[in-house]
Chemist: 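Just passing along the structure, written as structure tokens.
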There are 2 protein chains.
Amino acid sequence: MLEEANTERADLPSDRRAARTQATKDEILEAAWELVRKHGLAALSLRELAARVGMRAPSLYQYFPSKLAIYDAMFGQASRAALDAMNGDLPADRHEAMRTLAHRVFGFATSDPVRAQLLFQRTIPDFEPSPESYAPSVEMSARLGDVLAEYGFDDPDAADLWTALVGGLIAQQLANDPGGTRWARLIDRTADMFVDRMGPRNRAPRKKGK
Amino acid sequence: MLEEANTERADLPSDRRAARTQATKDEILEAAWELVRKHGLAALSLRELAARVGMRAPSLYQYFPSKLAIYDAMFGQASRAALDAMNGDLPADRHEAMRTLAHRVFGFATSDPVRAQLLFQRTIPDFEPSPESYAPSVEMSARLGDVLAEYGFDDPDAADLWTALVGGLIAQQLANDPGGTRWARLIDRTADMFVDRMGPRNRAPRKKGK
DNA sequence: GTCTATATGTGGATAGAC
DNA sequence: GTCTATCCACATATAGAC
């Protein structure tokens, strides 16, 4: 009964090994981000990735079971970063709050286009994020719902309209003026437009006729 | 490739050959659309494409110099189709006109997701549309500017805001509810919101404070 | 335990036979 | 104009060296 179980105290070799394995995985992911930023999201090559961390391609399979698993881990990192970027206190004023929120999401997305592409577009064949990697995105949706409710946006379509507005600004900025400010300048006006249309006082004002 | 300008007389063998070549190119492109609709835009395989038109892969190079050239020809077809979809008379009423325009673009984009992906997202590594294939898209932008001016939207940001709004609705619909109507239902409200905010009477009404 | 060597299958692309 | 044969890069899987 005195055999040393491998799953006990800290400082056991197995724990150190796990930590080292995790460190290597992080190093691989960091190199993967550099490569996709350089060559594009779909152009990730395992050979080139392995070379960048001083390995041969097959050795990567000791850390990730497939190329799609690497994309999934990257998705998880991006998803968590998006959630972090969205968090933080918001001004009490409704207009200022939604402006601030829009700027946070816009800034996060445009600061790293390939990360945004991985998160918000489904462009890699056969890739679908695992539930674990997707969880922060789900929490983001819930967070948005909380914020909208807190500021009095009780229209059930408010969240969908908001994501369309902010996502539209981001997509146009990335596609047609990467690195510029052509759509960034429209953030405040768009947020105000949303608040004025969907806010508690001015619910659903439509055109006069009809 | 618009090499149909052989500048000779009609009915010459070279013309008949050119016509037949063009017919084969069209057949290849039609098969390519079927494949990308089936397997995804990035998963187009020349071998499978050739088999679908009764050839071997190398024979495709008699009609297109590369795989990217096939994507480019597809982009040209999609671009022309988008321009056609946008055309047509519009109601005199400003609200109705912008609603109609939004529905046309939205319907075009959501009716064929891979076509929209090829047109509006830059997802294929190293692919950039040629000036010839891109020309209809340029004309579309000009057309939008004409329409906005005609209906009195003289704010220089009106076109950029409009593309962001409509593009945002389309992107969300395709990404999060393909085949559904979750964002389609928001088109009229979004168009009205745009008109009320950017129209001649109500230019740039911002929040009261500040 | 960690990596390399090797093998398989698929991809785009080219050369040359017919 | 289409084919066969081939090349090179790729992801992937397995066996075995250390």
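Within every chain, numbering begins at 1; the chains are lettered A, B, ... in the order of the sequence lines, protein sequences first and strands thereafter. For clarity, every value in this text was computed on a predicted model and none was experimentally measured.
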Chemist: Does a side-chain N or O of B/Ser45 approach OP1 or OP2 of C/dT10 to a distance below 4.0 Å, or not?
Modeler: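 B/Ser45 to C/dT10 OP1/OP2: no side-chain N or O under 4.0 Å.
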Chemist: May I ask you to say what B/Ser59 touches in the nucleic acid, namely base, sugar-phosphate or nothing, with a heavy-atom cut-off under 4.0 Å?
Modeler: base
Chemist: First locate atom CG of A/Leu148, then atom CE of A/Met98, and finally report the distance between them rounded to the nearest 0.5 Å.
Modeler: 5.0 Å
Chemist: Starting at CG of B/Leu49 and ending at C1' of C/dT10, how long is that distance when rounded to a whole Å?
Modeler: 16 Å
Chemist: Among the candidates D/dT4, C/dT2, C/dA13, find the nucleotide nearest to the side-chain atoms of B/Arg56.
Modeler: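 Looking only at side-chain atoms, B/Arg56 lies closest to D/dT4.
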Chemist: Measure the distance from CD1 on A/Ile124 to P on D/dA11 and round it to the nearest whole Å.
Modeler: 13 Å
Chemist: Given that B/Gly54 and A/Ser66 both sit by DNA chain D, which one's nearest nucleotide is further toward the 5' end?
Modeler: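 Counting from the 5' end, the first nearest nucleotide belongs to B/Gly54.
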Chemist: Rounded to the nearest Å, what distance is computed from the CG atom of residue A/Leu68 to the P atom of nucleotide D/dA11?
Modeler: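 Atom-to-atom, A/Leu68 to D/dA11, this comes out as 11 Å.
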Chemist: Which nucleotide sits closest to the side chain of A/Met55: D/dG1, D/dC3, C/dT4?
Modeler: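 Per side-chain heavy atoms of A/Met55, the pick is C/dT4.
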Chemist: To the nearest Å, how far apart are B/Leu60 CG and D/dG1 C1'?
Modeler: 12 Å
Chemist: Measure across B/Arg94 and B/Tyr151 and return the closest heavy-atom pair with its distance rounded to 0.1 Å.
Modeler: CD-O, 3.1 Å
Chemist: Does A/Arg47 place a side-chain N or O at less than 4.0 Å from the phosphate oxygens OP1/OP2 of D/dA9?
Modeler: no
Chemist: What is the distance from CD of A/Gln62 to C1' of D/dT14, rounded to the nearest Å?
Modeler: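 Atom CD in A/Gln62 sits about 11 Å away from atom C1' in D/dT14.
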Chemist: With a 4.5 Å cut-off on side-chain heavy atoms, are A/Trp33 and A/Gln77 touching?
Modeler: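 A side-chain contact under 4.5 Å exists here.
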Chemist: Need one value for A/Thr24: base, sugar-phosphate or nothing, where a base atom within 4.0 Å counts as base even if backbone is also close, heavy atoms only.
Modeler: nothing
Chemist: Between A/Ile187 and A/Ala102, which heavy-atom pair has the shortest distance, and what is it?
Modeler: CG2-CB, 3.6 Å
Chemist: Would you indicate, yes or no, if D/dT2 has its OP1 or OP2 atom less than 4.0 angstrom from a side-chain nitrogen or oxygen of B/Tyr61?
Modeler: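 Checking B/Tyr61 against D/dT2: no side-chain N or O falls below 4.0 Å of OP1 or OP2.
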Chemist: Would you mind reading off the distance between B/Asp126 atom CG and C/dG12 atom P, rounded to a whole angstrom?
Modeler: 14 Å
Chemist: Between B/His95 and B/Asp188, does any side-chain donor sit less than 3.5 Å from a side-chain acceptor?
Modeler: no
Chemist: Can you measure B/Ile28 atom CD1 to C/dG12 atom P for me and round it to whole angstrom units?
Modeler: 14 Å
Chemist: Under 4.0 angstrom, heavy atoms only, what part of the nucleic acid is B/Phe64 near: base, sugar-phosphate, or nothing?
Modeler: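 Answer is nothing: B/Phe64 stays at 4.0 Å or more from every strand.
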Chemist: Could you check whether A/Leu44 gets within reach of a base, just the sugar-phosphate, or nothing at all, counting any heavy atom under 4.0 Å?
Modeler: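 Sugar-phosphate, backbone atoms only, no base.
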Chemist: Return the value, rounded to whole Å, for the distance between atom CG of A/Leu46 and atom P of D/dA9.
Modeler: 16 Å
Chemist: When you match A/Pro58 and B/Arg20 each to their closest nucleotide on DNA chain D, which lands nearer the 5' end?
Modeler: B/Arg20
